[in-house]
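Working notes, structure below.
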Number of protein chains: 2
Amino acid sequence: MAIKDEVTDKYSLRGRVYNKIREDILEGRYKNNDELKELAIGEELGVSRTPVREAFRQLELEGLIRIVPNKGAYVTGITAKDVKDIYMIRSKLEGLAARWAVSNITEEQMSEMEENIYLTEFHASKGHLDQIATLDNRFHEILYEACGSKMLEHQLREYHEYVQKVRRKTLSENKRSLASTGEHKLIMEAIKSGDENQAEKMANKHIENAYKNMVKNGLKESYPEA
Amino acid sequence: MAIKDEVTDKYSLRGRVYNKIREDILEGRYKNNDELKELAIGEELGVSRTPVREAFRQLELEGLIRIVPNKGAYVTGITAKDVKDIYMIRSKLEGLAARWAVSNITEEQMSEMEENIYLTEFHASKGHLDQIATLDNRFHEILYEACGSKMLEHQLREYHEYVQKVRRKTLSENKRSLASTGEHKLIMEAIKSGDENQAEKMANKHIENAYKNMVKNGLKESYPEA
DNA sequence: TATCGTATAATTGTATACAATTATTTTGCT
DNA sequence: AGCAAAATAATTGTATACAATTATACGATA
């Protein structure tokens with residue numbers, strides 16, 4: 001499971017190495033089965049093998065590389081199917097989060113969620129894409145925090161981060177943001193009204209729709225098939 | 001997320017350290033917020049700090065410890081609520097696995113699954129608890145392999161392993177194994193008959209029932225509340 | 001006594017050194 | 001030339017060394 005940014009400090013050498021390699025993999029700069037050599041990467045980033053090795057171990061745990069003992073580290077990469085699977089998994093888990101949020105969300109979180117949606121609607125009407133993206137991410141963050149489960153929060157944050165990196169490879173979605181905000185609103189309203197089933201269902205659909213949109217925008221073309 | 005045993009080699013020093021600490025945490029030998037010191041653990045296991053540090057990084061990623069830069073590594077531990085959450089998450093994901101298995105399972109996997117169930121029924125009638133446990137684990141492994149998703153397989157294996165360690169702390173379940181086998185059979189039959197909805201539903205319920213059984217057998221008493 | 005500041009020790013972060021394993025090249029033979 | 005074996009180089013695994021940071025102990029001062 002991996003990884004929160006809160007935990008993986010970005011400012012240690014190891015943290016920097018980890019983030020760099022991770023990005024390179026998620027954004028497709030490394031290809032599947034590429035071999036990563038400790039010394040080469042260390043030199044490229046100006047650090048010794050020690051932090052590189054530690055970063056490798058974490059990447060291995062995440063499944064982004066695989067380490068063959070005494071041989072080397074090889075990029076596992078992610079395929080179009082992997083992305084699809086992650087969205088389907090995430091759909092289920094966001095559903096759970098929404099369900100649990102119904103009985104765990106605090107007043108403050110509820111307020112922030114409502115505010116988030118009103119703000120998003122405003123920026124959507126003005127076409128402020130950057131702000132919309134930030135608010136979109138924040139909406140999901142609030143949901144994760146509100147679900148009241150350390151385990152689920154951890155897992156969802158990991159997948160969400162995964163997907164964000166991936167999303168940069170597909171075209172930026174302008175029309176989608178309108179629909180997306182509407183879906184956020186439905187989730188929020190279900191939580192506010194205490195309807196667990198509805199909250200779960202709306203969250204399920206929201207992620208499924210996000211995936212469908214990615215497919216339309218050329219996901220398949222961005223990733224290897226197998 | 002972590003971690004497959006296939007990947008985390010058990011025979012390197014780092015692998016041994018990783019497995020040792022992980023077990024100690026999951027089986028409750030370390031308490032929440034215990035501080036882990038690299039040198040002390042290294043000496044205890046007769047290794048230097050290097051493999052210990054690498055193991056720490058993996059454990060951090062899994063969420064089992066948290067590392068505060070320049071300060072130390074602290075056990076995060078798992079509470080009774082964490083265990084519950086994991087079961088609920090797993091319920092959803094096993095459901096997905098069963099659904100996907102319907103269209104991805106191979107003939108061989110299907111045969112092994114059927115054989116697994118008949119064998120389990122046999123051993124259940126004889127009261128062979130060890131064999132039942134092995135077959136139970138294997139049933140889930142087959143399901144994970146059959147779902148046809150690297151991502152889901154990875155995730156489920158991690159949670160399953162998590163839970164197995166935890167389960168040792170609760171009493172061994174004798175009557176449960178009969179019901180459990182029956183549930184396996186329902187999942188298998190749904191997959192065999194091509195009924196995706198039924199497969200998902202039965203897998204959901206199976207995990208939920210497993211959790212209910214754990215609660216009856218004293219889960220709460222085995223783990224800290226908060 | 002209480003508290004602050006400084007010195008000391010303990011601990012982590014990183015780099016380097018050495019050992020073990022694996023990959024590559026060279027060499028010798030047919 | 002082609003192959004095998006040996007030598008060499010490259011790479012990983014682990015241990016140690018050193019630097020930087022944090023924790024602890026001690027003592028001076030009010």
* Asked: Once you round it to whole Å, what is the distance between P of D:dT12 and CG of A:Leu39?
  -> 8 Å
* To do: Could you state the atom-to-atom distance from CZ of B:Phe56 to C1' of C:dT12 in whole Å?
  => 11 Å
* To do: Classify the side-chain pair B:Glu183/B:Asn209 by whether it contains a donor and acceptor separated by less than 3.5 Å.
  => yes
* If a protein heavy atom is under 4.0 Å from the base, mark B; if only from the sugar-phosphate, S; if neither, -; do that for nucleotides 13-21 of chain D going 5' to 3'. => BBBBB---S
* Over all heavy atoms of both residues, which pair between A:Ala98 and A:Ile191 is shortest? Give the atoms and the distance, please. => O-CG1, 4.0 Å
* Kindly assign one of parallel, tilted or perpendicular to the pair B:His140 and B:His206, based on the angle between their ring planes and the thresholds 30° and 60°. => parallel
* **Donor + acceptor pair across side chains of B:Tyr159, A:Gln155 (<3.5 Å)** => yes
* Asked: According to the interplanar angle, ranging from 0 to 90°, do the rings of B:His128 and B:His123 count as parallel (below 30°), tilted (30 to 60°) or perpendicular (above 60°)?
  -> tilted
* To do: Would you please name every residue forming a salt bridge (charged side-chain N to carboxylate O under 4.0 Å, His left out) with A:Lys84, sequence neighbours left out?
  => none
Write down the protein N/O and nucleotide N/O pairs, taken from nucleotides 6-8 of chain D, whose separation is under 3.5 Å; answer none if there are no such pairs.
none

* Asked: What are the two closest heavy atoms between B:Ile65 and B:Ala73, and how far apart are they?
  -> CD1-CB, 4.0 Å
* Asked: Can you list the residues that meet the side chain to side chain contact (heavy atoms under 4.5 Å, CB included) rule with A:Glu112, with sequence neighbours excluded?
  -> A:Arg138, A:Ile142
* To do: With sequence neighbours left out, write down each residue that passes side chain to side chain contact (heavy atoms under 4.5 Å, CB included) with B:Ala133, or none if nothing qualifies.
  => none
* Which word best sums up how the rings of B:Tyr211 and B:Tyr87 line up, parallel for under 30°, tilted for 30 to 60°, or perpendicular for over 60°? -> tilted
* Helix axis bend for the helix from C:dT1-D:dA30 to C:dT30-D:dA1 - C1'-based end axes, five pairs, 10° rounding -> 10°
